[in-house]
Amino acid sequence: MRVLPLGSKRPIAGVLSLSILTLALALPASAQVENVQEIFLDNGMKVLLYPRQGDPNVAAGWIAHVGSVNERPGITGMAHLFEHMMFKGTDVIGTKDIDEDLAIIKELDQIRGEMQREQRRLDTAERRGEIEDASVPEARTARHQELRTRFEELLARQKELLVDNEFDKLYSAQGATGMNAGTSNDFTVYFINLPANKLELWFWMESDRLANPVFRQFYSERDVVWEERRMRVDSTPTGRLDEEFDALFWKASPYSWPVIGWPSDLDTITREEALAFYDRNYSPNNLTAALVGDFDPAHAKRLAEKYFGRLKRSRFEPTPVRTFEPEQEMVKRFEGEAETRPTIRVRWHGVPHGHVDAPALEALSSIMNGRTGRLYRSLVEDQGIASDASAGVESRKYGGFVQLVGVAADGYTPEDVEAALYAELEKLQNEPVAERELQKVKNQTLAGNWRRLDGNFLIMIQLLIYDDARDWRDMFTESDKLLAVTTADVQRVAKKYFPMDGRSIAVYRTKEKDENAPADPLWDALNAQQQQMASAMKAQMASVTDPAQLEAALGQIAAGKSQAPPEVQPVLAWAESFVQRKLAELRGGDS
């Protein structure tokens, strides 16, 4: 999941009274800061306790201050892989026989090492041109194939020993819900909701998987990640192009590689490398936990000291990223084709999370973004040269960017849209924003900030994310910083952060259809936004080969059609047709 990157919030409609919002948001913030207790355990772990009376439940989570930005070439995707591995259990959870389980893991590691040596010989032969493809089974030696056969036998035996999803089962049996995790460029977070009287269970479960993890199914889980990559990247219309754009945009920063990792690294990461990564990054002095809900903070503190306090501090101290992005002094541009509408993306380097100019850039982005924003009104409604247009700003721990996007309308090119985007940007650079327009986007953003503090779970997640980026206290003062933004600030950052010789441009052109491919009038009738929705559905269904699952999907689509809004009905009609065609292919054209 990208908390991943983490999601986006939708602004509310209308203009609210700024004075009312100031009272509703700014005043409770100081009180909320005072209600949060910050505890440091002797091993360096931080625990945030935020008691809130009411619902007798607690939102609980912890964050490892490690993401894809902390990886290196050769082990990209490691942080995300650990998100998966942390649910595989411990020496008492997840297995029927820990002794045999550990013996199998040891033999798997030994065999994998031999297999890699065999594979390296094949890779060398391919580089020399002695064989055509080192990855095909025909290239393997008899010894290599023997090792692979034994490896598969061990995996099958290990699977028999597993107690699948025991972590989730233990929690669910005690009334806990929503157990999940997510990896981003900057962090990995684990969370759950549970009854307040089960708090000790959470402390024991989470401390046990941190103190005594058993990374069983390591090699088979890499295949699961591979499938996730195929679904999220390879099977989506623009997934690979988006990766190329990131790699082009970030020259030196480790933000240049995807959170899910490069395919070659997913194939070759070893369990030994994973253990070293874990020891360095999952030490208590690199972790923060948070509890939000109806609980006794004194009792929670005792539980934290009892359970999290037993975790051993690593000999490694957390080290910040040292490779920063140099100033971009040229225009970067690339083009690609995909099953999408002609699209232009223009991106500039922005600022890290917490930078003093971040609120002004957020206000600028909000002025341009949305159905009532400048880009949509000008390019879509007034000029008619685009079917969609938007702006966005993303601030990460070590860097950020601002991006303008436009989707060309019929009869226009991405270059037409690109020129129009620059024209709107120039207006912000040359003409001060009206006070009322700035007030409107402030109100919308403030309302979104308020919603992010409305509920135990959202508060808990935000506490952890802010603690990772800079300081959890800043979460309660963001509104004040936004309120302080002036029209002069917006014009200043418009001039400062959008140099024409420092932009990166991605042009996505529509891939020409195969002349022999059957016509798809339902797809052709969809607009740009509808095609994006349909593409997401297509990506989810691309790897499904079980007719029963496809039949179930048809039932869900049929049920959804009766309740879907009018603009979604054409998407569901296309999805129904797509699944029916896929079923027909699987059945040899019989349906």
Side-chain angles (χ1 to χ4, degrees), residues 1-7 41 43 45-50 57-68 70 77-90 93-94 165-172 174 176-195 198-217 221 224-225 228 259-260 274 277-293 300 303-304 307-308 310-311 318 456-469 472:
M1 99 188 229
R2 225 171 73 143
V3 173
L4 326 143
L6 278 127
L41 303 180
N43 57 15
M45 186 171 180
K46 184 189 298 184
V47 182
L48 303 175
L49 305 176
Y50 187 6
N57 285 284
V58 177
W62 56 273
I63 196 167
H65 302 292
V66 57
S68 61
N70 303 102
M78 183 75 85
H80 175 253
L81 180 60
F82 261 103
E83 176 203 322
H84 287 244
M85 296 311 302
M86 289 303 291
F87 290 95
K88 295 304 176 181
T90 67
I93 298 175
N165 301 318
E166 190 169 16
F167 246 92
D168 189 28
K169 292 174 182 176
L170 289 172
Y171 270 132
S172 298
Q174 301 301 317
T177 59
M179 184 185 75
N180 213 327
T183 307
S184 80
N185 301 95
D186 294 321
F187 59 82
T188 310
V189 62
Y190 301 81
F191 47 84
I192 195 169
N193 287 294
L194 72 161
K198 300 300 179 183
L199 203 53
E200 186 165 9
L201 173 69
W202 179 79
F203 275 104
W204 175 78
M205 292 272 287
E206 301 307 309
S207 64
D208 188 49
R209 68 166 158 177
L210 283 164
N212 306 298
V214 177
F215 302 128
R216 49 181 65 93
Q217 287 187 296
E221 196 64 25
V224 174
V225 175
E228 185 177 340
V259 173
I260 204 166
F277 187 86
Y278 180 84
D279 289 342
R280 178 177 290 274
N281 295 294
Y282 275 75
S283 169
N285 49 315
N286 201 39
L287 306 176
T288 299
L291 298 175
V292 180
L303 292 174
Y307 290 102
F308 286 148
R310 66 184 175 138
L311 301 177
N456 294 343
F457 179 79
L458 292 176
I459 293 175
M460 179 269 295
I461 290 292
Q462 292 294 314
L463 277 172
L464 292 175
I465 293 174
Y466 270 88
D467 183 77
D468 178 78
W472 59 267

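Position 1 is the first residue of the sequence; numbering continues from there.
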Rounded to the nearest 0.5 angstrom, the CG-NZ distance for L201 and K198 is 7.5 Å
Between S184 and V259, the two heavy atoms sitting closest are C-CG2, 3.9 Å
Is it the case that the side chain of R209 and the backbone of M86 share a donor-acceptor pair, with hydrogens and angles ignored and the cut-off at 3.5 Å?
yes
If you apply the rule side-chain contact (heavy atoms from CB on, under 4.5 Å), what do you find for D467 with L463, and how did you get there? CA-CA 6 Å; D467 183 77; L463 277 172; over 6 Å; no
Ring-ring centroid check W202 F167, cutoff 6.0 Å:
no
Q: Could you go through the ring-ring contact (aromatic ring centres under 6.0 Å, His included) check for Y307 and W62 one step at a time?
A: CA-CA 14 Å; Y307 290 102; W62 56 273; over 10 Å; no
Taken to the nearest 0.5 Å, the spacing of E228 CD from E221 CD works out to 9.0 Å
### Stepwise side-chain contact (heavy atoms from CB on, under 4.5 Å) check, R310 with D208
CA-CA 10 Å; R310 66 184 175 138; D208 188 49; 3.8 Å; yes
Smallest heavy-atom separation, S68 atom then A79 atom, equals N-CB, 4.1 Å
Would you kindly say whether N193 and T177 are connected by a side-chain donor-acceptor distance under 3.5 Å?
no
CG of N165 to CD1 of I93, rounded to nearest 0.5 Å, is 12.5 Å
Minimum side-chain heavy-atom gap L291-F203 below 4.5 Å: yes
All heavy atoms of N43 vs all of M45, minimum pair found to be OD1-N, 3.1 Å
Could you check whether H65 and D468, counting side-chain N and O atoms only, form a donor-acceptor pair closer than 3.5 Å? yes
query: For the residue pair F82 and F215, is the inter-centroid distance of their aromatic rings smaller than 6.0 Å?
result: yes
Original post:
Does the side chain of M205 reach to within under 4.5 Å of the side chain of L170, using non-hydrogen atoms?
Top reply: yes
On a heavy-atom basis, the closest approach of L464 and T288 is CD2-O, 3.5 Å
Distance col, row K46:NZ vs I63:CD1, nearest 0.5 angstrom, shows 10.5 Å
Derivation and outcome, side-chain contact (heavy atoms from CB on, under 4.5 Å), residues F308 and L303
CA-CA 8 Å; F308 286 148; L303 292 174; over 6 Å; no
| With distance as the sole criterion, is a donor-acceptor pair present between the side chains of Q217 and H84 under 3.5 Å? | no
The reported gap from OG1 in T188 to CG in N70 (rounded to nearest 0.5 angstrom) is 8.5 Å
Check: F277 main-chain N/O paired with N281 side-chain donor or acceptor under 3.5 Å: yes
On a heavy-atom basis, the closest approach of I192 and M179 is CD1-CB, 3.6 Å
Between the CG atom in L210 and the OG atom in S283, the distance rounded to the nearest 0.5 Å is 10.0 Å
Checking N185, T183, V189 against F187 for side-chain contact (heavy atoms from CB on, under 4.5 Å), the one that qualifies is V189
Y50 versus N456: any side-chain heavy-atom pair under 4.5 Å? no
Q) Are the aromatic rings of W472 and Y466 close, with centres under 6.0 Å apart? A) no
For A300 and L199 the tightest heavy-atom approach is CB-CD2, 4.2 Å
